[in-house]
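Notes for the one structure printed next.
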Protein chains: 2
Amino acid sequence: MKEYQTDPFKGTFGSLENLADKISDVLSCPVTIEDQNHRLLAYSTHEDSTDPARVATIIGRRVPEKVVNSLWKDGVIPRLQESDDPVRVSSIQKVGLGDRVAVSIRKNSEVLGYIWVLEVEKKLNPDDLRLLKLAAASAKSQLLQMQIGTKKKEENRQELFWKMLTGNLPQEKRILEKLHELNILPVLPAVVFILQLQKEITPALEKDILYLAAVNQKINVLLSAADSNQMLLLASPVGKEQPLDLAKSFVETFFTHMKERFSVSEIKAAYGSLVTSFTQVEKSYKEASSVLAVQEKLGGETLSLTGYHELGIYQFLDTIYEKQQRQGYQNEMLKSLQEYDRLHKTELYRTLETYLTLDENLNKASEALHIHMNTLLYRLKRIGEITNIDLKSPHQKIMLYLDFKINRLF
Amino acid sequence: MKEYQTDPFKGTFGSLENLADKISDVLSCPVTIEDQNHRLLAYSTHEDSTDPARVATIIGRRVPEKVVNSLWKDGVIPRLQESDDPVRVSSIQKVGLGDRVAVSIRKNSEVLGYIWVLEVEKKLNPDDLRLLKLAAASAKSQLLQMQIGTKKKEENRQELFWKMLTGNLPQEKRILEKLHELNILPVLPAVVFILQLQKEITPALEKDILYLAAVNQKINVLLSAADSNQMLLLASPVGKEQPLDLAKSFVETFFTHMKERFSVSEIKAAYGSLVTSFTQVEKSYKEASSVLAVQEKLGGETLSLTGYHELGIYQFLDTIYEKQQRQGYQNEMLKSLQEYDRLHKTELYRTLETYLTLDENLNKASEALHIHMNTLLYRLKRIGEITNIDLKSPHQKIMLYLDFKINRLF
DNA sequence: AAAGCATTTGTGATAATTCACAAACGCACT
DNA sequence: AGTGCGTTTGTGAATTATCACAAATGCTTT
């Protein structure tokens, strides 16, 4: 009994592996230690009875996404994040998870990692749980020590990332050197993501976002940075699907997870094109920015466009606009419409824009404009009279459509 | 008898008006003298019996277009241009033309103008016709003298025009001064036309073109220049219609008249946008040039696009293509359509292109493709299934349309 | 106040389109 | 020859777009 009242985990263990083995010894169960992103840090070795989830975690050096999802759905992870107390998880067959007990490794309210104990040989009793809590305290100091180096590295990473984003590091060689120094695997191809929230990104939010990005199996985050209400990521899509499809599905799951797990909604996301060298990061960043600009200024259906490659014609609006500026082009038709609107206090401009934007559908357009269908019809007829716009000509309509959008964008 | 054998028109008459009166005296008929472009030069005054065509000519200071048309149709003008002999024209009621006799004023094979004699009081006898021929000879020397100043002016005009076209005269004031010096009314708005023939523009062809441009009532030519196989015009549309509509209808009548009257076909024409100051002439010229470029590169449907304002999106295709090339863009939808066509020997690609090009009109498209309407409908449904093209999305359709055209172009 | 004009809305008829369904065709494959 | 599949064509109905008119509104002009 005396033994149980003292702390068997006092002192240093040299490495987390040793600590894992010690815990396993004391509790007579397989033990796994993960960091805050469910990346494998250490696992006990002298036990051979285990479950598929643990095997997959060890093999993949991280907890499989579907296991994490399942733990979130059952509220396990939120409970772990909120208290120091061990949480018992009943087996979840679907994801190969046997009965187990987990405890979070925390410093104040910040989660540093988790300890998992599988109940294959025996069930943990209350005393075991008390011991597990002590183990977590021991792991905490070890993890904190490991993170000291990380802080400095993190600053260097930020600096490197911003240099890449702004094109201040134009030599591929230098970038690769820096990445090596920072212990980042230079995985290509990569994509720049922008995740834009409605409010400022706090360190806590940043952690949450990075957590989701790290846990998600679609992309491998190389670098990240918070910029007021935007979170920037340089990441490499991982998987057998098309890289850009992976990027899209990452964004989609990111949305739902941010909402479900952290109650953060109204997020906008965008990503640039795939780059095959780190000197192109700036370009990918600019592209992602322009996707966001399109979303914010054009709204509507463009809100579902997250990838630069999905922008379709919107990719070329800036190019077209530049050329128009160079040659002093003005869309006479739109100008005369606006002039007419000004003089007669009408809304022909908005009418035509809505009509064209809504696929020339009389029903939808008249509804959107809150007018009678015949009014819309009359206005279109007037537009034809006033501007000699020919609504039967695809060329003209396309040019009008683009000019409408350009007027909104620039 | 002796009187008839001498030349009553010998000597100088001071002005063409005096000559007109003299001819009228001798022949006892109303007389009108026109230049080679049927512009009124002089008319006899002491007669009051006349016909509507003559009245209209005097009032408008030029022969009405429909009268000229009618004279061409009846072969009168070609006959006048081919010989020195007077030609008798029977009355043409439709255009208010009474019986009359005309003779051309020629220097070698070049027509300088025409003398018209109305046979209202009496019919001209052979002797009268001989006298008329002498009158034409007398008019010739007068017209030639008038043209001496014109030659020098013409050179100055050319110089001014080229400076304006190339943007080498960027001050509106200076241009207006020059125009005043050259006795050109600075009429605005104006448009630059390019009329492009298949062969080099000879002085004779230049004359013919300017003749049609001058006779045509739609535009008022301020300046002109020949440039290898192109004829450049700076002209102001005249009439109550929209200026650009006038420009278009000028081009249309120009085509038919060049073919009918001078047997010159295969002409391409283009014009830039309406300018409201002469400093913008360069811009209008460049626009006209780009219209021609599109016509030549795309052909087919674009041949009917003569005005820059009608060009729509075509001006930007090259820019868009270049950007696509730079970033290795490919339209996946069109690629998969082509792939499907190849594998199944179908024509979905052409179907969609035709459908979009013909303004998404089922009737027109099915007719153009020689298929049943429902077949077209079915194909469009299949296209949607195969490619996840959404034909309700304007932005997708526009991208497709542009890629179709780009695929044709490059 | 009256008149003129552009605009909006309503009603009803007409034309065009989309859709559902059936039948037939052509072709590859067995 | 039969089968299955994708395709084409035909028929008819449902939906939608378009047109013609009438009536009412609001605004400016006289």
Side-chain angles (χ1 to χ4, degrees), chain A residues 301 332-398 400-401, chain B residues 240-242 333-394 396-398 400-401:
Chain A
E301 58 164 2
E332 305 296 336
M333 295 165 179
L334 293 193
K335 258 180 59 184
S336 56
L337 266 196
Q338 284 171 317
E339 182 67 7
Y340 190 90
D341 277 352
R342 201 176 55 77
L343 289 176
H344 297 76
K345 288 166 191 163
T346 47
E347 288 201 312
L348 298 186
Y349 182 94
R350 196 166 73 92
T351 301
L352 184 56
E353 179 175 18
T354 308
Y355 176 67
L356 290 181
T357 301
L358 295 181
D359 195 35
E360 299 163 63
N361 183 310
L362 288 175
N363 258 321
K364 284 194 241 166
S366 58
E367 208 170 301
L369 291 165
H370 305 297
I371 56 173
H372 194 277
M373 218 192 204
N374 279 354
T375 306
L376 176 55
L377 225 43
Y378 169 76
R379 286 186 187 173
L380 292 176
K381 206 184 75 187
R382 290 289 290 138
I383 287 169
E385 289 165 6
I386 293 165
T387 62
N388 77 9
I389 285 174
D390 178 12
L391 286 175
K392 305 262 176 188
S393 154
H395 314 135
Q396 279 198 31
K397 285 187 298 193
I398 289 175
L400 287 169
Y401 184 93
Chain B
K240 52 186 179 292
E241 296 168 64
Q242 290 269 3
M333 295 163 177
L334 293 193
K335 259 178 59 183
S336 56
L337 267 196
Q338 283 171 318
E339 183 65 10
Y340 190 91
D341 278 353
R342 201 176 56 78
L343 289 177
H344 297 77
K345 287 167 191 163
T346 47
E347 287 201 314
L348 298 186
Y349 182 95
R350 196 165 74 92
T351 301
L352 184 56
E353 178 174 18
T354 308
Y355 176 67
L356 289 180
T357 302
L358 295 180
D359 194 37
E360 299 163 63
N361 184 310
L362 287 174
N363 261 322
K364 282 195 242 166
S366 59
E367 208 170 300
L369 291 165
H370 306 296
I371 57 173
H372 193 275
M373 221 193 203
N374 280 353
T375 306
L376 176 53
L377 224 42
Y378 169 77
R379 286 187 188 174
L380 292 175
K381 205 184 74 188
R382 291 289 291 137
I383 287 169
E385 290 165 4
I386 294 165
T387 61
N388 77 6
I389 285 174
D390 178 13
L391 286 175
K392 304 263 176 187
S393 155
Q396 274 197 36
K397 285 189 295 194
I398 288 174
L400 287 169
Y401 184 93

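None of these values were measured; they are calculated from a predicted model. So that the names make sense, note that chain A is the first sequence line, chain B the second, and so on, each numbered from 1.
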- Note on the structure: From CG of B:Leu391 across to P of C:dC19 the rounded distance in Å is 11 Å
- Query: Can you check the A:His344 NE2 to C:dC5 P distance for me, whole Å?
  - Reply: 13 Å
- Task: Indicate yes or no for a side-chain donor-acceptor contact from A:Gln396 to the backbone of A:Ile389 under 3.5 Å, with no hydrogens or angles considered.
- Result: no
- Query: Only one of A:His395, A:Lys392, A:Lys397 forms a side chain to side chain donor-acceptor pair (under 3.5 Å) with B:Asp359, so which one is it?
  - Reply: A:Lys397
- Message: Using a strict heavy-atom distance below 4.0 Å, which residues from residues 371-387 of chain B are in contact with DNA chain C?
- Response: B:Met373, B:Asn374, B:Leu377
- Task: Name every residue in residues 351-359 of chain A that has at least one heavy atom under 4.0 Å from any atom of DNA chain D, in order of residue number, or write none if there are no such residues.
- Result: none
- Measure from NE2 on A:His370 to P on C:dT9 and round the result to the nearest Å. 12 Å
- Provide, to the nearest angstrom, the distance between the CG atom belonging to A:Leu348 and the C1' atom belonging to C:dA6. 11 Å
- Task: Could you tell me the separation between the CD atom of A:Glu360 and the C1' atom of D:dT18, rounded to a whole number of Å?
- Result: 15 Å
- Query: So, is B:Asn363 close to the C:dA16 phosphate, meaning a side-chain N or O under 4.0 Å from OP1 or OP2?
  - Reply: no
- Item | B:Lys345 or B:Leu362, whichever maps to the more 5' nucleotide of DNA chain C | B:Leu362
- Query: Considering the options A:Lys335, A:Lys345, A:Arg382, which one meets the side chain to side chain donor-acceptor pair (under 3.5 Å) requirement together with A:Tyr340?
  - Reply: A:Arg382
